[in-house]
Number of protein chains: 2
Amino acid sequence: MNDVNQTNDVRILEYQANKLQELIGELHNCCKERYATEAKAFKVPQAELRCLMLFEGHKYLTGIQISGLLDVAKSRATVIIENLVKKGLVQRSQDPNDARVKLISLTPVGQRKVREIEEFMFTLHQQLLDHIDPIQRTGVISALETLRSSMESVKAQLA
Amino acid sequence: MNDVNQTNDVRILEYQANKLQELIGELHNCCKERYATEAKAFKVPQAELRCLMLFEGHKYLTGIQISGLLDVAKSRATVIIENLVKKGLVQRSQDPNDARVKLISLTPVGQRKVREIEEFMFTLHQQLLDHIDPIQRTGVISALETLRSSMESVKAQLA
DNA sequence: TTGACATCGTTCATGATGTGAACTATATTA
DNA sequence: TAATATAGTTCACATCATGAACGATGTCAA
């Protein structure tokens with residue numbers, strides 16, 4: 001009986017691991033698609049869009065900060081910023097305290113764009129919520145939190 | 001009192017939508033990172049790795065099938081396949097029934113690689129499961145299923 | 001104070017990921 | 001058999017990203 005239960009447990013674990021893999025993969029794909037659609041809709045490449053969204057709660061960001069927040073090389077940040085400047089969405093200015101650093105900030109046009117995108121994203125996630133039974137909502141959110149911390153543990157373990 | 005409750009409800013909805021956005025974003029980033037690590041570990045670019053994994057349960061795939069499954073243009077599939085052929089992981093052969101189509105299949109080396117990757121991914125997701133309290137596991141999985149179907153509904157609604 | 005070292009941003013070479021149009025060679029079908 | 005559709009390739013182009021080298025500053029210790 002104990003043996004049977006153990007075999008059963010292993011099977012369940014296997015099933016759950018595979019299910020997890022499948023579900024996470026699908027969620028990831030869904031997001032990828034969503035980001036691509038979003039970028040197209042707002043006529044800004046994904047990397048530039050991500051950069052714009054960093055200015056929520058920041059008036060100025062430096063190149064290094066942007067490359068850190070976007071998790072890309074600073075050479076990449078330079079290019080992204082350059083493209084946003086060309087589009088008139090952000091502007092560069094000198095840091096009065098340090099001649100090496102350039103302060104990047106949103107132009108009025110950039111601010112408007114950020115607000116539009118924020119609104120779009122918020123609406124989208126509200127719609128997502130709308131499609132979830134109200135009773136399940138907190139459960140889904142706490143499950144995601146559980147999953148997140150579990151993913152972080154695994155990541156920390158690997159590193 | 002009713003007014004107070006309604007305001008409260010709106011606040012909760014807002015909070016939940018933002019939380020959902022944050023959590024989904026983090027999960028997505030985590031996956032992105034994981035795929036990148038995986039590709040580096042197995043010394044195969046991500047796109048090629050994804051292509052290899054398509055052969056689970058398929059002896060042969062055509063270029064069109066691959067481009068469909070990977071959700072990329074067929075020109076992209078051609079290049080991915082070409083690179084995998086160069087690396088000796090897959091091989092091309094003629095379809096005896098249709099001279100236009102080429103049947104792609106794993107070489108023995110490719111099969112070994114796929115098994116290795118499968119094993120790695122399975123282990124990873126088991127570790128993920130290990131970090132989740134057994135009592136919560138089914139809850140997390142069903143929450144992900146709920147989320148997935150909700151995402152699909154939203155996607156369908158937009159299109 | 002000055003010399004060694006660190007930091008910020010830029011440029012460049014390189015590679016991965018991906019699309020769409022044009023093209024060749026085969027099917028299919030009216 | 002002529003028009004049309006399909007499979008795969010090639011090419012031009014765009015996006016995303018890294019790492020090395022470099023110039024201009026800033027910092028700090030001898």
Side-chain angles (χ1 to χ4, degrees), chain A residues 28-29 31-33 35-54 60-87 89-105, chain B residues 28-29 31-33 35-54 60-87 89-105:
Chain A
H28 183 258
N29 272 339
C31 288
K32 229 172 86 176
E33 215 175 301
Y35 288 126
T37 307
E38 206 167 76
K40 248 183 205 159
F42 288 99
K43 292 177 184 171
V44 179
Q46 267 182 70
E48 293 169 31
L49 196 150
R50 272 200 302 147
C51 180
L52 285 178
M53 302 322 280
L54 297 179
Y60 295 104
L61 286 173
T62 68
I64 284 283
Q65 284 178 321
I66 289 174
S67 93
L69 291 166
L70 292 180
D71 198 27
V72 297
K74 55 186 182 163
S75 55
R76 177 71 184 130
T78 297
V79 174
I80 291 170
I81 293 162
E82 180 58 29
N83 289 333
L84 288 171
V85 169
K86 275 185 201 152
K87 292 186 177 103
L89 298 171
V90 306
Q91 59 205 356
R92 273 185 270 240
S93 53
Q94 280 297 328
D95 183 337
N97 302 315
D98 190 334
R100 291 171 306 179
V101 350
K102 296 200 174 146
L103 299 174
I104 322 295
S105 57
Chain B
H28 182 258
N29 272 338
C31 289
K32 228 172 89 176
E33 216 175 301
Y35 287 127
T37 307
E38 206 166 78
K40 249 183 203 158
F42 288 100
K43 292 175 183 170
V44 179
Q46 269 181 68
E48 293 168 30
L49 196 150
R50 273 200 301 148
C51 179
L52 285 178
M53 301 321 283
L54 297 179
Y60 295 103
L61 286 172
T62 68
I64 283 283
Q65 284 178 319
I66 288 174
S67 95
L69 290 166
L70 292 180
D71 198 27
V72 296
K74 54 184 183 164
S75 56
R76 176 74 185 126
T78 297
V79 174
I80 291 170
I81 293 162
E82 180 57 28
N83 289 332
L84 288 171
V85 168
K86 276 184 199 153
K87 295 190 176 97
L89 297 171
V90 306
Q91 59 206 354
R92 273 185 269 239
S93 55
Q94 280 297 329
D95 183 337
N97 303 317
D98 190 334
R100 290 171 306 178
V101 348
K102 297 201 173 147
L103 300 174
I104 322 295
S105 57

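Treat the numbers as computed from the prediction; the structure is a model and nothing was measured. Chain naming here is simple, since letters A, B, ... match the order of the sequence lines and numbering starts at 1 in each.
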- Phosphate contact (C/dC8 OP1 or OP2) by A/Arg92 side-chain N/O below 4.0 Å: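 A/Arg92 to C/dC8 OP1/OP2: no side-chain N or O under 4.0 Å.
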
- Query: Under 4.0 Å between a side-chain N or O of B/Arg76 and OP1 or OP2 of C/dT17?
  - Reply: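 Yes, within the criterion.
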
- Task: Determine, for nucleotides 21-30 of chain C in 5'-to-3' order, which nucleotides have protein heavy atoms under 4.0 Å from the base (write B), from only the sugar-phosphate (write S), or from neither (write -).
- Result: B---BBS---

- Would you jot down, in residue-number order, the residues of residues 60-73 of chain B having a non-hydrogen atom under 4.0 Å from DNA chain D?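 Listed by number, they are B/Thr62, B/Gly63, B/Ile64.
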
Approximate separation, where rounding is to 0.5 Å, of [X] [atom1] and [Y] [atom2]:
X	Y	atom1	atom2	result
B/Leu49	B/Leu84	CG	CG	9.0 Å
A/Asn29	B/Cys31	CG	SG	9.5 Å
B/Gln94	B/Lys102	CD	NZ	6.0 Å
A/Cys51	A/Leu70	SG	CG	5.5 Å
A/Ile66	A/Ile81	CD1	CD1	4.0 Å

- Message: According to side chain to side chain donor-acceptor pair (under 3.5 Å), does anything in residues 39-50 of chain B pair up with another residue at least two apart or in another chain? List the pairs.
- Response: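 Output for this query lists B/Glu48-B/Asn83, B/Glu48-B/Lys87.
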
Round to the nearest Å and state the distance from [X] atom [atom1] to [N] atom [atom2].
X	N	atom1	atom2	answer
B/Lys43	C/dG15	NZ	P	18 Å
A/Leu103	D/dT25	CG	C1'	15 Å
A/Asn83	D/dT15	CG	C1'	10 Å
A/Arg50	D/dA17	CZ	C1'	10 Å
A/Lys86	D/dT15	NZ	C1'	13 Å
A/Glu82	D/dA14	CD	C1'	17 Å
A/Ile80	D/dT18	CD1	C1'	12 Å
A/Tyr35	C/dG18	OH	P	17 Å

- Query: Base, sugar-phosphate, or nothing: which does A/Gln46 touch, judged by heavy atoms less than 4.0 Å apart?
  - Reply: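 Answer is sugar-phosphate: A/Gln46 comes under 4.0 Å of backbone atoms only.
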
- Residues in side chain to side chain contact (heavy atoms under 4.5 Å, CB included) contact with A/Thr62, at least two apart in sequence or another chain: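 Side chain to side chain contact (heavy atoms under 4.5 Å, CB included) check on A/Thr62 returns A/Ile64, A/Gln65, A/Val101, A/Leu103.
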
- Message: Once side chain to side chain contact (heavy atoms under 4.5 Å, CB included) is applied, do any residues pair with B/Glu33, and if so which ones, sequence neighbours excluded?
- Response: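 Result, side chain to side chain contact (heavy atoms under 4.5 Å, CB included) vs B/Glu33: A/Lys155.
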
- Which of the following nucleotides, D/dT9, D/dA7, D/dA17, is nearest to the side chain of B/Val101?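 Nearest nucleotide to the side chain: D/dA7.
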
- Item | Those residues that, when tested against A/Tyr60, pass ring pair (Phe, Tyr, Trp, His ring centres under 6.0 Å) (two or more places apart) |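 A/Tyr60: no ring pair (Phe, Tyr, Trp, His ring centres under 6.0 Å) contacts found.
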
